[in-house]
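Before any comments, here is the structure.
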Amino acid sequence: MLDAHLPHSAVIDRRVQESPGIFSLRLQYVDTNVQDVFEFQPGQFNMLSLFGVGEVPISIVSDPDDSHFFDHTIRVAGRVTEALSRLQPGDRVGIRGPFGRGWPMAQAEGQDVVVVTGGLGCAPLVSVIRYLLRRRDRFGDIHILQGVKNEDDLIWRRQYELWSREQGVNVQLAADMPGKEWPWQQGLVTELINTLDLNLEKTISMLCGPELMMLAAIAQLRDLKLDDQRIWLSMERNMQCGFGQCGHCQVGPKFVCKDGPVFCYSEVADFLGAKGF
Amino acid sequence: MPTQHIAPRRPGFMERERLQDLLDALRLLGYRTLGPVVDEDTIQWREVDAIDALPAGVQARQGAGEYRLEVQPDDRLFAWNHGPQAIKPLLFSAEERLWRERLMVDGQIEIKQTLPEVEPTAIFGVRACDLAALALQDRHFLSPQHPDPHYKIRREALFLIGIDCAFSAATCFCTSTGDGPSLGEGFDIGMAELDNGYLFWGGSAKGSEIIDRLSLKPATEAQLNNMIQGTDRAAAQQHRFLPGETELKQLYEKLNHEHWDEIGERCLSCGNCTAVCPTCFCYSTGYQRTLDGRSAEMKRQWDSCFSPTHSSMGHFMVRGETTLRYRQWLTHKLAGWQEQFGRSGCVGCGRCITWCPVGIDLTQAVAALLDGGLADA
Ligand SMILES: Cc1cc2nc3c(=O)[nH]c(=O)nc-3n(C[C@H](O)[C@H](O)[C@H](O)COP(=O)(O)OP(=O)(O)OC[C@H]3O[C@@H](n4cnc5c(N)ncnc54)[C@H](O)[C@@H]3O)c2cc1C
Ligand code: SF4
Ligand code: SF4
Ligand code: FES
């Protein structure tokens, strides 16, 4: 019987240090049969385990069409991510997944896409941006709004600059505390939303980052009269199993791991921002 | 999988002295037989090979934060109303190994599923509420997408002899949740304890076959009446209740009710309620390494939404305060479950009331939260 608890061994093919506390791993399943059937959607995640140390949920950031490898971008947050950061090419991790529901990419076809992120660059949305850019003709305008605290927090800075040069791509960055070299805006990412001229019938928005930021962004988008069905967000909660069994990730009646982590705003509106959920 | 129900009851009668025959029949078929036994001053599931081990005349007096066994001059063996655990621990183990991995000399890592070894197990005297809880746990652990192999193996080895309740404990309220006191479904053999013997009927093909082999006389009218008297008495003894599921859903509209704080001040956040609750399914996982560092095991352990780490996000806890944890427990159990499983997660067994060290009673909490009127049950 297939056992969703059971990881498969994967080997690190490449490791990239993205910023002092953030690194990316390119992985491949040791068993080619497992790699061959591994399919995912942007926004889904894997459970990564490190021998004898622990297991953590991490989004998949590579493109679903890359069938030979899959990538994770990880921020050192504590015990397990710290240990993962010391791994080198050739080292092994355990992988279970993919789990959860990803971004509504089918619904986004033909739409303008507003991508809003806060905090330290949000892995689940980087995969969306890359996905959109690789299939440019299938989507309308792309607005990338990213807020950071300090300008140093912005990883993939070069990426943002490259993205901004693409046709129909509008990149807006805001830093709470920008330095002298900051070419973008000062302030909060939510202030950037007001500058948008949205086509309400043809826009979908995707949010990721701290929940307070997302709440503020949702409030702005709703002020602009964007329909709740067009507002999507990715959530994080403590996760032990990843497939709706251990109970840890519950937010009200939702299991973030299997009903999400990507939710339509209307699905979680009652609980988002409510203390204790 | 879960046993099929063959309705309706067409019971046969067995004298009390012959009960051993059924036990023997099951053991002959290769079953390990578990039954209720008095152990550590409570009723516990233990291996039983002779009916003398069953708790003759024992009743369990239960109240909020109270459990006391009393012996009556009576030769009934099932007059007690349940011990601290339903069937949950026999299927969803309090601690178990999920898999093991080994570091090989060539740097490869070998990962192996570890499954429990099980024996066919028959359980004597399972209550209607326990069976209702089992059906819920089945839905959870045997979901079509991700059936749990550990649970499944144990579940498939189980043979269940259910029993109607002829008495209720003061903490029971299964009539209001619709889960008892008479057996519904989900058992292989159904049984009722009469004043002077037992009625038995098949609940599954396997169970019917065994009953047929015992060549019991069809129950008389008087015996059937005696059976109904029993469940009627049990129902009449219940005075606690929960409102209907539509009302329970409204708990989500009472998130800021001050009563949560009142309970939060009493609650010790000990997790007894979730440990004894036959439907709670939360667990956490963690590695255990061998001393030589060359192999490691992934274990899962019961967890509780009352434990501090349940909602940990590293730098903060979603539910740092006891009030929020109690609110999680009650709203999940009674409202969240409805969206997740199509019914409330409470089967009215009353264990969380009995085993709460400070006697918090969920039926009272619900009454207070849903605005009085129901409070003085
Ligand atoms: C669906 C999902 C996708 C994620 N994707 C990514 C990603 O692509 N890149 C990335 O860097 N991080 C991601 N995270 C966050 C990542 O899982 C945590 O940073 C990680 O669990 C921290 O573990 P630790 O042992 O290093 O930290 P510790 O602080 O030591 O962890 C302590 C406990 O808190 C839990 N915890 C801490 N932070 C989080 C968190 N943010 N979310 C859930 N549980 C947490 C841990 O599981 C652990 O139980 C994701 C989380 C979720 C739920
Ligand atoms: S919530 Fe309490 S009464 Fe209801 S099933 Fe669980 S332990 Fe029994
Ligand atoms: S969240 Fe709490 S009430 Fe719900 S299943 Fe887990 S331990 Fe039980
Ligand atoms: S992570 Fe276990 S239920 Fe969601």
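Note on naming: letters A, B, ... go to the chains in the order of the sequence lines (proteins, then strands), and numbering restarts at 1 for each one.
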Hey, is the main chain of B:Tyr283 close enough, under 3.5 Å, to the side chain of A:His248 for a donor-acceptor pair?
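Flag set: sc A:His248 to bb B:Tyr283 pair under 3.5 Å.
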
Counting a contact as any heavy-atom pair under 4.5 Å apart, which residues of residues 295-302 of chain B contact chain A?
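Residues B:Ser295, B:Ala296, B:Met298, B:Arg300 are the ones that qualify, each having a heavy atom under 4.5 Å from chain A.
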
Using a heavy-atom cutoff of under 4.5 Å, enumerate the residues of residues 85-99 of chain B that contact chain A, numbered in order, or state 'none'.
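The stretch touches chain A at B:Leu98, B:Trp99.
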
Where do B:Arg289 and A:Val53 land on the side-chain contact (heavy atoms from CB on, under 4.5 Å) test, with the steps shown first?
CA-CA 9 Å; B:Arg289 268 171 106 136; A:Val53 177; 4.2 Å; yes

Please report the C-alpha distance between A:Asn238 and B:Met317 in whole Å, then the side-chain angles of each, then the deciding distance to 0.1 Å, and finally whether the side-chain contact (heavy atoms from CB on, under 4.5 Å) criterion is met.
CA-CA 9 Å; A:Asn238 187 299; B:Met317 280 176 231; over 6 Å; no

May I ask you to decide if the ring planes of B:His146 and A:Phe243 are parallel, tilted or perpendicular, using 30° and 60° as cut-offs?
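Tilted.
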
Which region of [X], side chain (C-beta onward) or backbone (N, CA, C, O), has a non-hydrogen atom less than 4.5 Å from a non-hydrogen atom of chain A, or is it both or neither?
X: B:His332; answer: side chain
X: B:Asp303; answer: side chain
X: B:Thr309; answer: backbone
X: B:His150; answer: side chain
X: B:Gln108; answer: both
X: B:Arg102; answer: backbone

Above 12 or not: heavy atoms from other molecules or residues under 6.0 Å from CD of A:Gln88?
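Enclosed.
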
Can you confirm whether A:Glu39 is buried at CD, in the sense that more than 12 heavy atoms of other residues, nucleotides or ligands lie under 6.0 Å from that atom?
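Count not over threshold, so no.
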
Quick one: which of B:Gln340, B:Arg327, B:Arg319 has the most heavy-atom pairs under 4.5 Å with chain A, could you say?
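Highest number of pairs under 4.5 Å: B:Gln340.
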
Can you tell me which of A:Lys254, A:Arg79, A:Met239 forms the most heavy-atom pairs within a distance under 4.5 Å of chain B?
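Of the candidates given, the most pairs with chain B belong to A:Lys254.
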
Between A:Gly247, A:Ala274, A:Pro253, which shows the greatest number of heavy-atom pairs under 4.5 Å with chain B?
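That would be A:Pro253.
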
Is the shortest side-chain heavy-atom distance between A:Lys275 and B:Leu255 below 4.5 Å?
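No. Closest side-chain heavy atoms not under 4.5 Å.
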
May I ask you to test the B:Asp148-A:His5 pair for a side-chain heavy-atom distance under 4.5 Å?
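The answer is yes; the side chains approach within 4.5 Å.
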
If every non-hydrogen atom of [X] is compared with every non-hydrogen atom of [Y], which pair is closest and at what distance?
X: B:Gln328; Y: A:Gln250; result: NE2-NE2, 4.2 Å
X: A:Phe51; Y: B:Leu103; result: CE1-N, 4.0 Å
X: B:Thr285; Y: A:Glu55; result: OG1-OE1, 4.4 Å

A:Phe271 portion near chain B, given a 4.5 angstrom heavy-atom threshold:
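For A:Phe271, side-chain heavy atoms alone lie under 4.5 Å from chain B.
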
How far does OG of A:Ser49 sit from CD1 of B:Ile109, to the nearest 0.5 angstrom?
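Going from OG on A:Ser49 over to CD1 on B:Ile109, the span is 8.5 Å.
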
